[in-house]
Amino acid sequence: SKAKLFDENSEVKTTFKDVAGLEGAKEEVQEIVDFLKNPSKYTNLGGKIPKGALLVGPPGTGKTLLAKAVAGEAKVPFFSLSGSDFVEMFVGVGASRVRDLFKQAKEKSPAIIFIDEIDAIGRARGKNAMSGSNDERENTLNQLLTEMDGFGTNTNVIVLAATNRADILDSALMRAGRFDRQIHVDLPNLTERKAIFEVHLKPLKKAEGLDIEFLSKQTPGFSGADIANLCNEAALIAARKDKKAVEKQDFLDAVDRIVGGLEKRSNLFS
Ligand code: ATP
């Protein structure tokens with residue numbers, strides 16, 4: 001059986017209200033939503049709709065969520081794949097998968113293509129040229145560049161890509177007419193963490209008077225993904241103790257557990 005190398009979702013339910021904080025980034029991608037919904041409004045005046053934008057920021061900050069919300073807001077299909085899935089591929093396969101992906105997206109346009117971890121295929125070329133898998137990566141990257149140059153101005157396929165290492169990307173990717181826009185998606189500040197808690201506390205049975213401001217102050221450096229994980233852990237801890245609602249102490253215990261995990265993670269690299 002063939003490995004499935006991209007996903008297609010024609011009924012994305014995610015919208016901007018699922019994305020907490022990230023007001024600046026949402027404003028920037030709103031323009032992409034408008035292009036997808038009403039392309040002729042722009043092309044009638046002779047403008048060219050951008051083909052791609054790069055979402056840049058640390059892991060777990062909501063890049064995938066934001067890209068999906070663009071598709072959900074514009075009500076267009078969402079094609080997604082992860083750059084890291086291409087790393088172990090046989091020669092020729094990566095390029096043909098990229099070709100298939102663009103072909104299908106064009107058939108269903110307007111559409112969004114989302115490439116997570118684009119750095120896995122988009123690292124600057126010409127390093128470690130001896131390794132076979134690197135040749136394959138370059139073929140895949142070249143195919144991606146060809147596809148992006150290939151679509152006309154009225155294709156209505158917009159490619160969003162995510163990375164936490166924009167600095168190592170091949171500069172050819174950033175050239176005009178490719179990923180010529182960068183949108184920064186950073187770790188949330190206190191106010192933004194509150195907004196993220198609001199989203200992820202919603203499905204929980206909370207003890208009365210649970211203080212979101214307090215929780216937000218206990219979690220500096222947490223990403224949105226860390227906060228989502230924290231809320232879930234707290235619910236599991238409370239359930240294990242047969243509680244009827246999730247209490248402040250359960251969140252504190254979950255913080256300890258997650259911070260312990262984060263420290264282990266960073267020790268591995270230090
Ligand atoms: P990675 O670089 O690791 O792929 P990412 O930036 O793409 O991470 P997501 O996959 O979008 O991050 O985030 C993972 C999960 O964390 C989301 O599905 C959501 O539950 C939660 N999350 C992250 N950021 C936010 C946010 N700004 N608002 C609400 N939830 C968030």
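Indexing begins at 1, ligand by ligand and atom by atom, following the structure's order.
Residue Gly62 has at least one nitrogen or oxygen atom sitting less than 3.5 Å from a nitrogen or oxygen atom of ligand 1, judged on distance alone. Ligand 1 has a nitrogen or oxygen under 3.5 angstrom from a nitrogen or oxygen of His200.
Salt-bridge check for Arg193 with Asp226: failed, with every basic side-chain N at 4.0 Å or more from each acidic carboxylate O.
For the ligand labelled ligand 1, residue Thr61 lies inside the 4.0 Å heavy-atom shell. Assignment of Gly60 to the shell around ligand 1 is supported, since a heavy atom sits closer than 4.0 Å. Within the 4.0 Å heavy-atom shell around ligand 1 one finds Asp18. The shortest heavy-atom distance from Glu117 to ligand 1 is not under 4.0 Å.
For the pair Lys248 and Phe214, the cation sits on the ring face: its NZ or CZ lies under 6.0 Å from the ring centre, inside 45° of the axis.
Among protein heavy atoms, atom 4 (O) of ligand 1 sits closest to Asp116 OD2, 3.4 Å.
Between atom CG of residue Asn189 and atom CD of residue Glu192 there is a gap of 4.0 Å, rounded to the nearest 0.5 Å.
Between Phe78 and Phe114, the ring planes are parallel. Angles under 30° get that label, and only those over 60° would be called perpendicular.
Scanning both residues, Gly57 and Asn164, for their nearest heavy atoms gives O-CB, 3.1 Å.
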